[in-house]
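By convention here, the first residue in the shown sequence is residue 1. Since we're looking at a predicted model, the values are computed, not measured.
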Amino acid sequence: MNSADNSETLWLAALSGNDRIRFMALLAHGLTIGQRVLCYDKNVEGVRQLNEANHQVAGLLVDYFDGRTGPTFEPYVFKLTDAQARIQGDQAWAYAKSHFGT
């Protein structure tokens, strides 16, 4: 999720619209789990960053279902500078991607 390599973006772009929506829902779930982990660790900054990332994903989903945009997504928009948040964000990405047999 934090890599400069755009292979993840290309992979996501190759998914069908419905699969992209499914991916974003899974990613949001993974980010929520990450927030809980960091909350338990009392990492306030990490929780804040994952919350912002989760908010971006939710906004994309709402926009899509309201007909305002297509199901596009750029995984590198997340600015996860906290080390633990980056780890949790990467795990959320891997969790969501694992549901697609890749």
- [ ] Check the pair Gln49 / Asp82 against side-chain hydrogen bond (donor to acceptor under 3.5 Å, both in side chains), numbers first and verdict last.
- [x] CA-CA 8 Å; Gln49 290 180 16; Asp82 180 85; 5.6 Å; no

Write down the atom of [X], the atom of [Y], and the distance for their closest heavy-atom approach.
| X | Y | value |
| --- | --- | --- |
| Gly30 | Ala92 | C-CB, 3.4 Å |
| Leu50 | Gln35 | C-NE2, 3.4 Å |
| Ala28 | Val57 | CB-CG1, 4.0 Å |

Say you draw a straight line from [atom1] of [X] to [atom2] of [Y]; how long is it, rounded to the nearest 0.5 Å?
| X | Y | atom1 | atom2 | answer |
| --- | --- | --- | --- | --- |
| Gln56 | Leu60 | CD | CG | 7.5 Å |
| Ile21 | Leu26 | CD1 | CG | 11.5 Å |
| Asn43 | Gln84 | CG | CD | 4.5 Å |
| Glu45 | Leu80 | CD | CG | 10.0 Å |

Q. Does a side-chain heavy-atom distance below 4.5 Å link His55 with Asn51?
A.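 The answer is no, as the side chains (C-beta and beyond) never meet within the 4.5 Å cut-off.
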
Quiz prompt | Same cluster (ILVMFWY, side-chain, under 4.5 Å), Trp11 and Leu27 | solution =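 Trp11 and Leu27: one cluster.
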
#### Entry: Common cluster, Met24/Phe65, ILVMFWY with side-chain heavy-atom separation under 4.5 Å
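Result: yes, single cluster for both.
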
Which label fits Phe100 and Phe23: parallel for a plane angle under 30°, tilted from 30 to 60°, or perpendicular past 60°?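 Phe100 vs Phe23 ring planes: tilted.
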
Exercise for the section: Assign the ring pair Tyr95 / His29 to parallel, tilted or perpendicular, where the plane angle (0 to 90°) is split at 30° and 60°. Expected result: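 Geometry flag for His29 against Tyr95: tilted rings.
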
Let's go through Val44 and Arg48 carefully: what are the C-alpha distance in whole Å and the side-chain angles of both, what is the deciding distance for side-chain contact (heavy atoms from CB on, under 4.5 Å) to 0.1 Å, and is it a yes or a no? CA-CA 6 Å; Val44 175; Arg48 186 195 67 73; 5.6 Å; no

